[in-house]
Amino acid sequence: MSIKNKFTRHSLYRLALFVVAAAIIAYFFPDEQNKEYKYEIGKPWSYSLLTAPFDMPIMLDSTGIRAKKDSIDACFVPVYTIDRSVKPRVVSHISDAKTAFLLDRLYDNGIVDASATDPASGRLIPKIRMIDGNVANTHSTEKMLTVKGAYQWLDSVMNASPEFRSQNIASIIEPNITKDSLMTARLLNEAYQSAIISRGIIQQGERIIDRGEIVTPQTAALLSTYKKMLDSNDRTDDERYAMAGYVLIVVMLIGLLYAFFRLYRHNIYYNLRSITFIVALVTGFSVAAFMLFHSFHNSVYFIPLAIVPILIVTFFDSRTAFYVAIIQTLICSLAVDDGLEFILLHLPVAAIAINSLQELSKRSQLIRSALLVFVGYCLIAVALCALSEGSVMTIDPKVFFYFAINAIFLSFAYVLIFVLERLFGFTSKVTLVELSDVNNPLLRELSEKCPGTFQHSMQLSNLVSEAAHEIGANTQLARAGALYHDIGKMENPAFFTENQHDVNPHELITPEQSAKIVIRHVADGLRIADKQKLPSVIKAFISEHHGKNVAKYFYTTACNRNNGEPVDPTPYTYPGPNPRSKETSILMMADATEAASRSLKEHTPEAITDLVNRIIDGQIQQGLMKDSPLSFRDVESIKRVFISRLKTIYHTRVEYPELTKRKETK
């Protein structure tokens with residue numbers, strides 16, 4: 001694949017990553033229509049200012065509605081209908097003339113069904129509304145009887161005569177006035193609606209309730225109306241514009257994150273794995289935050305947002321971590337009621353987390369960081385309460401409990417670091433510290449097989465770490481890389497000067513064979529690194545610490561044996577590549593300088609200074625540093641560190657005087 005095609009493919013991938021991240025965040029962004037407000041009547045409103053998104057009627061509160069309904073129920077007259085076919089049909093079944101005559105009179109007054117009986121008193125309700133044809137009139141029930149009442153009246157009048165008893169009147173009588181349930185319910189509902197009709201209008205944009213105000217029954221009725229209208233209405237144009245505004249801000253924030261990487265962090269922008277990790281982290285935590293905001297009102301306090309900068313500072317640097325924390329906090333603040341308070345609460349804590357983890361090397365540091373984050377949250381919450389309420393006594397004690405939960409989540413970030421390290425192939429500072437332990441099995445094997453090489457590596461680790469610290473490079477990475485850069489020498493220890501004891505096997509073979517064996521320690525080192533599953537950043541030190549340099553000793557020897565004529569340098573050239581990072585560039589300089597310093601006859605300050613300048617300038621002139629990100633200022637700083645360090649190593653020691661015995665006197 002050509003470089004141009006690769007560049008185009010990477011650009012398309014970054015663009016697709018941008019679009020997908022923005023789309024996911026916008027899709028999961030909390031919808032105002034689905035937002036749940038949790039409140040209690042008589043308690044303060046804990047959300048921010050709520051205004052009417054549209055014109056809303058002012059309805060009665062639940063207590064008022066209940067009172068109105070009770071009043072209507074007490075006065076309401078139910079609707080009944082009269083069936084004129086009942087009287088002749090029932091009377092025709094009566095054989096006794098007197099009983100038929102009396103029953104006819106009862107039907108004229110009205111026999112109603114049992115629904116007209118008042119359950120409390122057992123008597124008929126005072127009035128009923130009776131529909132006869134299309135006319136509804138209110139009638140008193142004073143002369144009306146129920147079926148049971150009619151039978152009892154007839155029985156008392158007829159004095160329980162045998163003729164009356166024989167006709168089974170109780171089973172014959174049926175009401176001619178029955179309740180019209182549908183009409184009664186409709187009229188009752190109309191009375192309800194007429195009674196609880198709105199008492200006014202809250203216009204669009206008018207305040208409903210603000211933070212800290214007590215929720216009254218009237219306010220609760222307004223909030224209920226607000227929720228019902230949101231659920232029943234389609235999305236208004238204002239809401240569509242609001243959502244479009246949210247999406248635009250999210251796109252701008254992610255765009256700013258891309259711009260930061262493009263301008264100041266090329267190693268992240270052009271590394272698809274790194275930019276995927278950071279964008280996925282921001283997207284994932286944003287979606288998780290949106291879900292928590294929707295499910296838990298107090299989630300703004302216990303959401304562990306500081307995990308994001310902790311992960312970034314672990315794998316990258318503090319400036320990148322803080323910039324990502326700003327973007328993350330701003331995106332999440334769009335989904336909460338009080339965005340400014342959210343920013344003031346979480347952004348300083350992100351800075352605390354970053355500053356407390358500049359060199360994460362053990363778990364106890366993460367515990368300490370979690371405690372500092374907890375203290376930071378508590379102090380900021382108290383300050384915000386004093387600022388908004390004018391007193392710290394009104395703060396909810398539960399807030400501190402939520403902060404404690406937040407700190408507990410942060411303390412488990414160590415597990416997340418381990419998982420992401422394996423998932424994305426990153427190397428954390430914790431891993432580098434573990435690799436730098438001289439008790440590591442691989443380093444112990446190096447010290448046993450190649451004691452001289454091990455001492456050389458130890459010397460280099462101190463030299464490169466100090467130089468890396470001076471120019472702001474990764475100190476821990478430089479130290480670990482220096483310890484492992486020569487592990488390939490374990491395959492043939494005796495062919496390297498620092499491990500030889502009076503016998504030099506190179507004297508028995510040709511310069512080309514010697515060069516091949518020496519150069520092969522790079523390939524052997526990479527093979528051992530693969531077997532031991534060392535991180536790729538450590539492998540870079542093995543492959544790049546010689547770059548594409550020439551094994552000068554053997555190349556010069558070959559030229560001298562060829563009567564001073566040049567020979568083909570290919571068999572004497574290391575495979576490379578040349579150093580491509582600050583840390584591997586420092587190692588190349590330190591490796592050549594430290595090795596050459598041991599051959600100096602005199603370790604005077606002038607000799608050491610001349611040696612350092614000559615070797616490093618020679619590497620630059622040969623083009624070995626053309627892929628290095630080091631600046632000329634960095635190179636000068638590295639030279640000063642090397643010179644100072646080598647002077648200390650090879651300083652002249654004072655000759656200790658011998659003790660002179662006092663002469664005996666006579």
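Bear in mind that the values here come from a model prediction, so they are computed numbers and not experimental data.
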Would you confirm whether [X], through its side chain, and [Y], through its main-chain N or O, come within 3.5 Å as a donor-acceptor pair?
X	Y	answer
N406	Y301	yes
S461	M458	yes
N355	A351	yes
D437	N440	no
S299	L292	yes
S356	A353	yes
S628	M625	no
H346	V300	yes
R273	F424	yes

Strictly by modelled atom types, are [X] and [Y] linked by a side-chain donor-acceptor pair under 3.5 Å?
X	Y	value
E470	S637	no
T584	S581	yes
Y269	S274	no
E421	T427	no

Please report the shortest heavy-atom distance between [X] and [Y], naming the atom on each side.
X	Y	answer
A529	I487	N-CD1, 4.2 Å
A590	L463	CB-CD2, 3.9 Å
I542	L526	CG2-N, 3.8 Å
L435	L443	O-CD1, 3.6 Å
Y414	V430	OH-CG1, 3.2 Å
I417	F315	O-CZ, 3.7 Å

Please list all pairs passing the ring pair (Phe, Tyr, Trp, His ring centres under 6.0 Å) test where one or both residues lie in residues 465-486, with sequence neighbours left out. H456-H485, H485-H545
Is there a side-chain contact between [X] and [Y] in this structure, where contact means two heavy atoms from C-beta onward sitting under 4.5 Å apart?
X	Y	answer
P577	E544	yes
M589	V635	yes
L347	L330	no
L253	L257	no
F412	L366	no

Axial cation check for Y258 ring with R14, 6.0 Å and 45° limits: no
So is R265 actually on top of F316's ring, under 6.0 Å and inside 45° of the axis? no
Could you go through T431 and S428, starting from their C-alpha distance and side-chain angles, then the distance that decides it, and tell me whether this counts as side-chain hydrogen bond (donor to acceptor under 3.5 Å, both in side chains)? CA-CA 5 Å; T431 300; S428 67; 3.3 Å; yes
Could you tell me the separation between the OG1 atom of T593 and the CZ atom of R645, rounded to the nearest 0.5 Å? 14.0 Å
Return the set of residues passing salt bridge (Lys or Arg N to Asp or Glu O under 4.0 Å) with D627 (not counting sequence neighbours), or none when no residue passes. none
Yes or no on side-chain contact (heavy atoms from CB on, under 4.5 Å) for L12 and T8, after CA distance, side-chain angles and deciding distance? CA-CA 6 Å; L12 291 175; T8 302; 4.3 Å; yes
Exercise answer: donor-acceptor pairs, residues 277-287 side-chain atoms, under 3.5 Å, sequence neighbours excluded:
from : atom 1 : to   : atom 2 : distance (Å)
T283 : OG1    : V279 : O      : 2.8
S286 : OG     : V282 : O      : 2.7
S286 : OG     : Q328 : NE2    : 2.8

Sub-6.0 Å ring centroid separation between Y377 and F403: yes
Apply side-chain contact (heavy atoms from CB on, under 4.5 Å) to V375 and C378, showing your working. CA-CA 5 Å; V375 173; C378 293; 5.8 Å; no
Salt-bridged, K639 to E636, with N to O below 4.0 Å? yes
